[in-house]
2 protein chains.
Amino acid sequence: MMPFQEMAKLNKLIHEPARLAIMSALEACSMAEFLFLQELTGLTKGNLSSHLSKLERAEYLLINKNYIRKKIPQTTIQITHEGEAALRAYWKQLDRIREVTKQWQKTSF
Amino acid sequence: MMPFQEMAKLNKLIHEPARLAIMSALEACSMAEFLFLQELTGLTKGNLSSHLSKLERAEYLLINKNYIRKKIPQTTIQITHEGEAALRAYWKQLDRIREVTKQWQKTSF
DNA sequence: TTTTTCGATTTGATTTGCAAACTAGTTTAA
DNA sequence: TTAAACTAGTTTGCAAATCAAATCGAAAAA
């Protein structure tokens with residue numbers, strides 16, 4: 001397939017900037033609390049919450065709601081193996097597309 | 001700024017997959033006809049048309065409507081210097097963020 | 001003449017992404 | 001003790017974005 005066609009069809013669940021940031025942060029941390037993740041990404045709580053839900057639905061993340069002294073909620077988030085694999089695959093695909101694009105430029109005219 | 005915060009704030013005009021494909025194709029071609037660009041990117045005419053309009057509004061592209069024998073429309077599209085600069089800046093920023101993210105992983109825990 | 005094709009643009013439905021409003025509980029202050 | 005303010009997150013409402021289908025104006029074919 002033409003590299004530009006592949007580019008136009010990138011995995012949007014991961015490609016979206018806020019979610020790419022979340023996934024990258026979680027890959028580095030392997031586990032993080034909600035508020036820490038908010039600090040890392042600079043997202044509002046609302047947006048962080050809804051992006052996390054989407055990633056959870058895709059089984060890229062595992063979200064765990066704990067309560068400190070049974071009272072204060074504390075949510076911890078982990079990236080799953082599937083999530084890590086998807087992130088790696090995303091970068092790999094992007095790199096490959098860029099490489100092919102360069103080649104294409106030289107050989108096709 | 002934290003790399004993840006930068007990631008969450010990438011230039012969305014260029015970041016969108018369809019437009020990234022268009023911009024990349026045009027950087028390789030420097031000039032292309034509408035239908036050729038459609039073939040390269042695999043987009044429908046409708047989507048190609050509307051994405052081109054957005055990129056034109058941002059002055060990343062120059063769109064020229066010619067008529068063959070005064071009748072058949074033939075639209076040619078060129079990337080502007082501003083567009084090329086924006087695309088280069090986009091990749092550069094993305095590469096930098098990825099690099100910093102790797103560093104961050106090693107040094108912050 | 002009508003019908004189909006060609007090169008696009010516009011329209012309309014759906015989906016997103018964001019911020020503001022809200023929830024459920026806790027701590028502080030009066 | 002009761003109200004105000006804070007904490008940790010979720011839900012809601014809506015503008016903007018995306019995508020495919022419908023449309024457009026002209027030309028060629030039947």
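Order of the sequence lines sets the chain letters (A, B, ...), proteins ahead of strands, with each chain counted from 1.
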(request) List in numerical order all residues of residues 3-15 of chain A for which some heavy atom is under 4.0 Å away from an atom belonging to DNA chain D. (result) K12(A)
In this structure, how many angstroms lie between the [atom2] atom of [N] and the [atom1] atom of [X], rounded?
| X | N | atom1 | atom2 | value |
| --- | --- | --- | --- | --- |
| L52(A) | dA8(D) | CG | C1' | 13 Å |
| L55(A) | dG17(C) | CG | P | 10 Å |
| E16(A) | dT15(C) | CD | P | 17 Å |
| L43(B) | dG7(C) | CG | P | 17 Å |
| R19(B) | dA17(D) | CZ | P | 8 Å |
| R57(A) | dT16(C) | CZ | C1' | 12 Å |
| L37(A) | dG9(D) | CG | C1' | 13 Å |
| H51(B) | dA8(C) | NE2 | P | 17 Å |

(request) Examine dG9(D): is either OP1 or OP2 under 4.0 Å from a nitrogen or oxygen in the side chain of T75(A)? Give yes or no. (result) yes
(request) Verify the contact: side-chain N or O of K65(A) to OP1 or OP2 of dT10(D), cut-off strictly under 4.0 Å; return yes or no. (result) yes
(request) Name the closest nucleotide to the F34(A) side chain, picking from dG9(D), dC19(D), dG7(C). (result) dG9(D)
(request) Please tell me which of the listed nucleotides, dG17(C), dT10(D), dA8(C), lies nearest to the side chain of K54(A)? (result) dG17(C)
So, does [X] use its side chain to make a donor-acceptor pair with the main chain of [Y] at under 3.5 Å?
| X | Y | value |
| --- | --- | --- |
| Q38(B) | L43(B) | yes |
| T80(A) | Y60(A) | yes |
| H15(A) | H15(B) | yes |
| R19(A) | I14(A) | no |
| S24(A) | L20(A) | yes |
| S53(B) | S49(B) | yes |

(request) Rounded to the nearest 0.5 Å, what's the gap from CG on L13(A) to CG on L55(A)? Could you check? (result) 5.5 Å
(message) So for the helix from dT1(C)-dA30(D) to dA30(C)-dT1(D), with five pairs setting each end axis, what is the inter-axis angle to 10°?
(response) 30°
(request) Decide, yes or no, whether a salt bridge links E16(B) with K12(A) under the criterion of side-chain N to carboxylate O below 4.0 Å. (result) yes
(request) For residues I79(A) and M31(A), determine if any side-chain heavy atom of one lies less than 4.5 Å from a side-chain heavy atom of the other. (result) no
(request) Return the 5'-most residue of the pair G46(B), L35(B) with respect to DNA chain C, ranking by each residue's nearest nucleotide. (result) L35(B)
